[in-house]
Amino acid sequence: MRILLLCIFFLSLSLSAQVLNKTDSNRVKPKDTLVIDSGRKDSLQIFKPTIYDYTFRTQFSEKKIFDTAFTPEKTFVFTQYNNRDNFGRIQFANIGSGFQPLIFEVNTEQNLSLLPTNKSFIIQGIKDIRYYDVKTPTTSFIYHNSVSSGAALQTTYTQNIGKNFNFALEYMGLRSLGLYQENLAANNNVIFSGHYVSKNNKYDAFAHFVHQNVNNQENGGVADIGLFLGDNSNFDNRINLPVNLTGADSRFSYRRYYLSHQFRPFASEKFPFKIRHTLYHQGNKYYFIQALPQDFYFDDISELIDYPLSSKKYSKNLSNTVSIIFDKENIKLDAGVRHQSIKLGIGEALPASLNIPQELSENRLGAVGNLQINLWNKVALNSNLEISTGTEFGSYLRSQNLLKFEPVAGYFVDAKVNFQTASPTFNLLMNPSVYRRFNYFLENPVNETITEIGGSVNLKWFKSSVFANYFMINNYTYLDAAAQSQQSNSALNISQIGGEAIFSYGKFHLNPRVHFQTALSNQDLLPMPKFIGRANLYWQSKAFKDAAEIQTGIKAYYFSKFASREYSPVLNEFILPNSSSYSIGGQPIVDVYFNLKVKRMFFFIEAQHLNTTIQKNRSFAAPYYPVSDFRLNLGIVWYLFS
């Protein structure tokens, strides 16, 4: 793999970076290739690509250009190891070790599959895969330094072969030792993707292969919080702090083969029909590996069972869908049938006395549909429906409905009504372990039903937006303080409201974001902070005769104090707190940064958690898991268009 990275790196160095007049994509006229010489002299035309010749899309989205503008949100994306804005989460001390979610969200990747919550933050689902269309070979690099030693690198190489076929190779490698004992993170992703369109535009195909690994040493948290919070300078070096687990690892593997192709049998616009076929196979595997039984989890030998020290769970999904598509300019209707073969299992069989099966499997039949309507470029409706049924995991129904409209020029409203009824995520259905306390099987579970109603209003004043969401969750499935899977007999109701804006004065800008939330019922089943806020005060200007752009400022992140759930390394899930747990939050996390853009290269330099240089670190991602102390975070983003 190192040889592969070196080859890609040296290949990218051989490509000359494209220099355009007015480099930012939002300052170039939206047209493709510029004609520099029409060929009047020697019949040879000379072209110069613009940024609009370099686009990407997901399968069901519109094309987007490579975003090389120096916008404020980039400082929240390219300083994170998963290259996402992680507002509403709090990161564990080491990059690559995941987050605790502070906001309730529906993660559809957990539907009818095995996906532990703390392994989900870097996963690339079907709707996340990008397909490219570029005039010339294109390479991008995103680099982050790690904690203590190691690095994180994401690189993409994509190229068109002719006008009709594009392929892309993406690789992400992360290795970070961390500051605490038994805290190594080692993640890697490999993605191959391709997109083909026939010359007559009758045939269209999308294909990809994804293999992702999220591997972590698990230390069980700091053994004595008093030593962490105390004044003994010996423990300022965090490697000296004793931890609860040694020789324990969690590993998650996520692999998918995907092909979706469609054919338009009629050339006439009077018959705008297409036939689509989608086939994919996805396999998820989760391992908890340990060298010896951990006395942190048992007091007596009777609390162990006759089972291997290392455990395994897996899920498999073979999906086959055939659809008919009616596709006009302002209306699109997609309807099809789907067959799925799904399995959920464990590695070694458990003792028969526990009554936990080794594998559950079923064949599911269902239907899928999508309706898109666009009227007067002012109103857009997008509705998705998927329904299926099986013998083991019951019925499944998910309906997503999004309405966008512009009642007044410059003001946009997004309204949504989503409904889902599905089996609880497979990680909560069963678990095998050598520790008796971590074995569970949720027999005859009731579908977890989630209704979401909400929307947002985007205003031209101060580039602001406000939103409100309401969730009603019936049969909410959770892990109790004993790490056993349970379902609530009454509904969990959650309300959320918040907003974001940018206030500017000259070259100074303030970008605050706030999120208020509360559980209107069953608050003890999902502890959450009532307030989460972030503020970014920055100065941005051109520099060096407009050859560069500088962005520098201070960021603060805060969430109110709450009785947090605990993190379970065995399950990679969050469980309800026990009587000895404690609240976290109420402590600001302050970062100071200096960012620089030169042509197509961005430099991100960030002093993270700077306030711990003048006061003791009292911030936690979960009980017994501190947030990282001060560290200097370095990032580089580089786009190369040959």
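Owing to the predicted nature of the structure, the values given are computational and were not obtained by experimental measurement.
The aromatic rings of Phe92 and Tyr625 sit perpendicular, their planes meeting at an angle over 60°, well past the 30° parallel limit. Classified by interplanar angle (parallel below 30°, tilted 30° to 60°, perpendicular above 60°), the ring pair Tyr435/Phe438 is perpendicular. Between His281 and Tyr257, the ring-plane angle classifies as tilted under the 30° and 60° cut-offs. Aromatic ring pairs are classed by plane angle as parallel below 30°, tilted from 30° to 60° and perpendicular above 60°; the pair Tyr582 and Phe620 is perpendicular.
Side chain of Ser319 to backbone of Tyr280: no donor-acceptor contact under 3.5 angstrom is found. The closest donor-acceptor contact from the side chain of Asn469 to the backbone of Ser495 lies at 3.5 Å or more, if one exists at all. Looking at Thr612, its side chain never comes within 3.5 Å of a backbone N or O of Gln615 through a donor-acceptor pair. Looking at Lys343, its side chain never comes within 3.5 Å of a backbone N or O of Tyr314 through a donor-acceptor pair. Under a 3.5 Å cut-off, the side chain of Asn578 and the backbone N or O of Ala481 do not form any donor-acceptor pair. Between the side chain of Asn145 and the main chain of Leu634, a donor-acceptor pair closer than 3.5 Å is present. Looking at Gln80, its side chain never comes within 3.5 Å of a backbone N or O of Asn86 through a donor-acceptor pair. With hydrogens and angles ignored, the 3.5 Å screen pairs no side-chain donor or acceptor of Asn219 with any backbone N or O of Val243. Judged by distance alone, the side chain of Glu362 and the main-chain N or O of Thr391 form a donor-acceptor pair under 3.5 Å. One N or O on the side chain of Gln517 and one on the backbone of Pro529 form a donor-acceptor pair closer than 3.5 Å.
Under 3.5 Å, the side chains of Arg256 and His208 contain a donor-acceptor pair of N or O atoms. Side-chain contact, Asn493 with Tyr470: a donor N or O sits under 3.5 Å from an acceptor N or O. Between Gln212 and Asn189, the side chains place a donor N or O and an acceptor N or O closer than 3.5 Å (distance only, hydrogens not considered). Counting only N and O atoms by type, the side chains of Tyr258 and Gln59 include a donor and acceptor under 3.5 Å apart. For the 3.5 Å distance criterion, the side chains of Ser120 and Gln110 fail to qualify, holding no donor opposite an acceptor. Looking only at atom types and distance, the side chain of Asn118 has no donor-acceptor partner in the side chain of Glu573 under 3.5 Å away. Side-chain contact of Tyr143 with Gln154: a donor-acceptor pair under 3.5 Å is absent, judged by distance alone. Gln217 and Asp249 are not linked by any side-chain donor-acceptor pair at a separation below 3.5 angstrom, with hydrogens and angles left out of the test. With no hydrogens or angles considered, no side-chain donor-acceptor pair links Arg618 and Gln587 at under 3.5 Å. Residues Tyr254 and Glu109 have side chains that bring a donor and an acceptor to within less than 3.5 angstrom of each other. For Thr449 and Thr421, the side-chain atoms include at least one donor-acceptor pair closer than 3.5 Å. For the 3.5 Å distance criterion, the side chains of Thr79 and Asn633 fail to qualify, holding no donor opposite an acceptor. With no hydrogens or angles considered, no side-chain donor-acceptor pair links Gln608 and Ser628 at under 3.5 Å. One side chain, Ser302 or Asp300, offers a donor N or O that lies under 3.5 Å from an acceptor on the other. With no hydrogens or angles considered, no side-chain donor-acceptor pair links Asn439 and Ser433 at under 3.5 Å. Under 3.5 Å, the side chains of Gln420 and Asn111 contain a donor-acceptor pair of N or O atoms. Side-chain polar atoms of Asp629 and Asn617 form a donor-acceptor pair below 3.5 angstrom. For the residue pair His144 and Asn83, a side-chain donor N or O sits within less than 3.5 Å of a side-chain acceptor on the partner.
Asp480 and Arg565 are not joined by a salt bridge, as no carboxylate oxygen comes within less than 4.0 angstrom of a charged side-chain nitrogen. Salt-bridge check for Arg338 with Glu386: passed, with a basic side-chain N closer than 4.0 Å to an acidic carboxylate O.
Contact record, Ile589 with Ser619: CG1-OG, 4.2 Å, taken as the closest heavy-atom pair. Taking every heavy atom of both residues into account, Pro116 and Tyr286 meet most closely at CG-CD1, 3.8 Å. Across all non-hydrogen atoms, the minimal contact from Ile123 to Val214 is CD1-CG2, 4.4 Å. Between Ser176 and Asn94 the shortest heavy-atom distance is OG-OD1, 2.5 Å. Closest heavy-atom contact between Leu492 and Asn522: CD1-O, 3.6 Å. In terms of heavy atoms, Ala622 sits closest to Ser564 at CA-OG, 4.3 Å.
Taking the ring centre of Phe121 as origin, the terminal cationic atom of Lys119 falls outside the region bounded by 6.0 Å and 45° from the ring axis. Remark: Arg436 is not positioned above the aromatic ring of Tyr297, lacking an NZ or CZ atom under 6.0 angstrom from the ring centre and at most 45 degrees off the axis.
Separation of atoms CD1 (Ile142) and CD (Glu170) is listed at 9.0 Å; rounding is to 0.5 Å. The CG atom of Leu174 lies 5.0 Å from the CG atom of Asn187; values are rounded to the nearest 0.5 Å. Rounding to the nearest 0.5 Å places OG1 of Thr477 at 4.0 Å from CD of Glu448.
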Could you give me the CA-CA distance, side-chain angles and deciding distance for Phe192 and Tyr171, then say whether ring-ring contact (aromatic ring centres under 6.0 Å, His included) is met? CA-CA 9 Å; Phe192 295 95; Tyr171 175 78; over 10 Å; no
From CA spacing to verdict: side-chain contact (heavy atoms from CB on, under 4.5 Å), Glu182, Tyr180: CA-CA 6 Å; Glu182 307 287 333; Tyr180 295 82; over 6 Å; no
Quick one: do Asn384 and Gln400 satisfy side chain to side chain donor-acceptor pair (under 3.5 Å)? Show the steps, please. CA-CA 5 Å; Asn384 289 283; Gln400 294 177 285; 4.6 Å; no
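A 6.0 Å sphere centred on CG of Asp524 holds more than 12 heavy atoms belonging to other residues, nucleotides or ligands. Heavy atoms of other residues, nucleotides or ligands lying less than 6.0 angstrom from CZ of Arg130 number 12 at most.
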